[in-house]
Amino acid sequence: HPSGFKLLRKALGAAPGTPPGTIQLQSWFNNVRSAYGALWLARDRGDDTMAERAALVRDLALLAPREKGFFPAVLYLVGDRMVWKKGTRAFFHLNKYHLADNCITAYHLLEWYRDLEADPAILEACHQLAGAVMEVQRPSGGFPAWLAFKRGRTVIDPCLDESAESAPSVMFLALLAELTGREDYLESARAGGDFLKDRVLEPNLWYDYEAFFSCSPKPVGWMDKRSGCYPECAMSIYWTAAAFLHLFFASGEEGYLDAGRRALDRLLAHHQIWDPPFLSIDGFGGFASQNTDAEWNDARQGIIAPLLVDYYHACGDRELFERGVATLQACFTTMHLDREPFLPLRPSVRGSIAENYAHFGYDSATPGYLETDWGAGSSIYALARIMREHGQVYVNLPAGHAFGIDGCLVREMRREGEEMSLNIESQLEGGRELEIVVAGAEGSLRLVVNGKDTGIHNSDELRRGINIRWGQGPASA
């Protein structure tokens with residue numbers, strides 16, 4: 001409501017002092033995730049300064065103080081002092097370790113190792129964490145959500161112990177097993193996967209910290225008596241779908257892929273595959289956060305978009321890639337490109353991306369942005385994860401699929417002998433370069449784009465990507 005905005009603006013302008021800066025390594029706001037995207041973007045642009053800053057974030061995560069393998073999630077920068085807090089529970093910072101914070105940070109470090117730079121220090125840190133995580137695994141196969149160490153003893157917090165909060169641990173261990181081939185990691189992840197199947201997926205109990213301690217607080221275990229529905233948070237559904245996918249990659253067992261598709265289908269119940277007429281933004285492709293809160297185009301879409309594309313490659317279902325592209329585009333719908341009205345809080349917001357839209361329950365943008373990592377950072381991560389392998393146009397030649405990703409649509413793809421032709425419609429004005437990636441070619445192909453011959457390219461060149469000049473005369477490589 002406009003009067004509410006005026007009150008909020010007045011309150012922000014009256015806020016005393018400047019809050020201390022923070023660097024966060026947690027499951028929502030994760031600077032390593034943002035730095036992954038920043039490093040890819042820096043390399044793409046040739047920006048050495050940005051690349052160096054991204055590497056510093058990785059180094060900070062690796063050098064964070066450790067206690068029996070676990071590391072803190074939040075660093076406060078107070079003047080010239082650094083103050084660490086061990087873990088988070090939504091917006092609350094605790095002196096307890098949150099396994100989701102540690103495992104999601106380590107998961108993104110492993111992605112860094114796999115995709116960007118095989119730094120052995122990353123594997124060493126992840127080996128340490130894996131040992132600590134497996135040490136606290138419950139007999140059920142589940143994991144605690146929070147723990148602390150007191151006088152040498154491990155003290156498990158009963159809150160959300162053995163719940164969907166177990167999924168990040170499985171996610172992390174399964175990816176580590178995939179990259180290292182370690183059977184002990186895989187066996188622990190299997191036990192966690194069995195727990196997720198029986199205790200989370202089958203009864204549809206998607207309990208995590210956000211469902212109970214965030215913007216829609218409620219007692220743990222609460223149920224809506226009117227509808228009979230339980231709280232359901234898209235974050236833990238995403239974690240579970242990712243965990244099963246990595247279990248499939250690590251083990252090759254189809255049962256994990258089937259379970260992952262079930263979790264993914266549940267996640268897609270929160271996918272906005274329409275443009276709601278009551279919203280002033282184009283809501284198509286975005287994701288809601290949960291079933292007990294008002295959030296459209298939530299920032300979690302930045303971590304979900306790459307997962308959809310990963311599932312496409314595992315399953316071959318064309319719709320999943322299309323959903324991934326729609327989600328990637330939705331990541332940038334709420335970017336601030338004009339003057340932001342809440343300047344007392346942050347004088348410069350151009351290029352930032354709002355956490356979500358209509359969070360107050362009516363058609364209005366969320367004022368400002370919540371946190372750099374949850375909006376801009378998560379969106380750049382999605383961009384990097386998808387475009388690093390797929391360019392701006394992606395062709396899966398054996399499947400006969402072609403997708404426009406960045407400001408374009410593929411209207412038609414034809415293969416005739418040793419020639420492939422694409423009819424591409426640009427959604428942007430002006431000239432630019434367009435990278436076309438073709439996977440699965442055997443031998444060389446002549447590539448024709450909108451009737452223009454770009455030449456003959458071998459399979460390696462096609463897989464690495466063919467750059468054509470777009471919108472400035474004939475298309476050419």
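These numbers come from a predicted model, not from an experiment.
For CG of Leu77, the number of neighbouring non-hydrogen atoms (other residues, nucleotides, ligands) closer than 6.0 Å is greater than 12. Counting heavy atoms of neighbouring residues, nucleotides and ligands inside a 6.0 Å radius, atom CZ of Phe92 does not exceed 12 of them. Open room surrounds CZ on Arg53; 12 or fewer heavy atoms of other groups in view lie less than 6.0 Å from it. Tyr230 OH: 12 or fewer foreign heavy atoms inside a 6.0 Å radius. No more than 12 heavy atoms of other residues, nucleotides or ligands lie within 6.0 Å of CD in Glu135, so this atom counts as exposed by the packing criterion.
Rounded to the nearest 0.5 Å, atoms CG (Leu245) and SG (Cys315) are 7.5 Å apart. The distance from the CG atom of Asp119 to the CG atom of Leu62 is 6.5 Å, given to the nearest 0.5 Å. To the nearest 0.5 Å, atom CD1 of residue Ile353 and atom CZ of residue Phe332 are 5.0 Å apart. Here the straight-line distance linking atom SG of Cys126 with atom CG of Leu173 works out to 10.0 Å at 0.5 Å rounding. Rounding to the nearest 0.5 Å gives a distance of 7.5 Å between NZ of Lys85 and CG of Leu94. The distance from the NE2 atom of His93 to the OG1 atom of Thr22 is 6.5 Å, given to the nearest 0.5 Å.
Here the side chains of Phe244 and Leu201 are in contact, with some heavy-atom distance below 4.5 Å. Counting heavy atoms from C-beta outward, Tyr381 and Asp373 have side chains that stay 4.5 Å or more apart. Side-chain contact between His127 and Tyr185 is present, with at least one heavy-atom pair separated by less than 4.5 Å. Counting heavy atoms from C-beta on, the side chains of Asp406 and Arg432 come closer than 4.5 Å. Side-chain contact check for Tyr36 versus Glu111: some heavy-atom pair is nearer than 4.5 Å. A 4.5 Å side-chain heavy-atom check between Trp239 and Val200 finds every atom pair outside the cut-off. Looking at Thr333 and Trp296, their side chains never come closer than 4.5 Å, going by heavy atoms from C-beta outward. Between Asp293 and Glu210, the closest side-chain pair of non-hydrogen atoms is not below 4.5 Å.
With no hydrogens or angles considered, no side-chain donor-acceptor pair links Ser216 and Gln290 at under 3.5 Å. Side chains of Asn204 and Trp206: a donor on one and an acceptor on the other come within 3.5 Å.
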**Request:** Take Ile156 and Arg138 through the side-chain contact (heavy atoms from CB on, under 4.5 Å) test and state the conclusion after the steps.
**Result:** CA-CA 11 Å; Ile156 302 296; Arg138 316 297 266 165; 3.9 Å; yes
**Prompt:** Does the side-chain contact (heavy atoms from CB on, under 4.5 Å) test come out yes or no for Tyr312 and Glu322, once each step is laid out?
**Reply:** CA-CA 9 Å; Tyr312 163 77; Glu322 292 171 343; over 6 Å; no
**Asked** Hey, mind stepping through Leu129 and Phe71 against side-chain contact (heavy atoms from CB on, under 4.5 Å) and telling me if it holds?
**Response** CA-CA 8 Å; Leu129 178 64; Phe71 54 87; 4.1 Å; yes
**Message:** Let's go through Ser289 and Arg300 carefully: what are the C-alpha distance in whole Å and the side-chain angles of both, what is the deciding distance for side-chain contact (heavy atoms from CB on, under 4.5 Å) to 0.1 Å, and is it a yes or a no?
**Reply:** CA-CA 7 Å; Ser289 64; Arg300 74 202 59 227; 3.4 Å; yes
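Heavy-atom minimum distance, Ser378 versus Arg33: CA-CD, 4.3 Å. Of all heavy-atom pairs spanning Asp101 and Ser27, the tightest one is OD1-N, 3.2 Å. For the pair Gly141 and Phe195, the tightest heavy-atom approach, listed with the atom from each and the gap, is C-CB, 3.8 Å. A pairwise comparison of heavy atoms in Ile104 and Gln26 identifies CG2-O, 4.5 Å as the closest pair. Pairing each heavy atom of Cys331 with each of Ala382, the nearest pair is SG-CB, 4.4 Å. The shortest heavy-atom contact between Leu25 and Thr105 is O-OG1, 2.8 Å.
Side chain of Ser166 to main chain of Glu162: no donor-acceptor pair is present (N/O by atom type, distance under 3.5 Å, no hydrogens or angles). A side-chain donor-acceptor contact under 3.5 Å links Gln272 to the backbone of Asn297. In this structure, the side chain of Gln392 engages the main chain of Glu435 through a donor-acceptor pair within 3.5 Å. Side-chain atoms of Ser163 come within 3.5 Å of backbone N or O of Glu165 as a donor-acceptor pair. Listed for the Thr327 side chain is a donor-acceptor partner under 3.5 Å among the backbone atoms of Gly285. The closest donor-acceptor contact from the side chain of Trp274 to the backbone of Gly283 lies at 3.5 Å or more, if one exists at all. Put simply, the side chain of His246 never gets that close to the backbone of Met171: no donor and acceptor are under 3.5 Å apart. Within the 3.5 Å criterion, the main-chain N or O of Phe248 finds no donor-acceptor partner in the side chain of Glu253. For the pair Asp265 (side chain) and Leu268 (backbone), a donor-acceptor distance under 3.5 Å is absent. The closest donor-acceptor contact from the side chain of Asp363 to the backbone of Ser280 lies under 3.5 Å.
Remark: Arg89 fails to qualify as a cation-pi partner of Phe212 under the 6.0 Å distance and 45° angle criteria applied to the six-membered ring.
A centroid separation of less than 6.0 Å is found between the aromatic rings of Trp28 and Tyr209. Aromatic ring centres of Tyr394 and Phe321 lie closer together than 6.0 Å. Residues His390 and Phe403 keep their aromatic ring centres 6.0 Å or farther apart.
Salt bridge absent: Glu187 and Arg182 never bring a charged side-chain N and a carboxylate O closer than 4.0 Å. A salt bridge links Glu232 with Arg266: the distance from a Lys NZ or Arg NE/NH1/NH2 to an Asp or Glu carboxylate oxygen falls below 4.0 Å.
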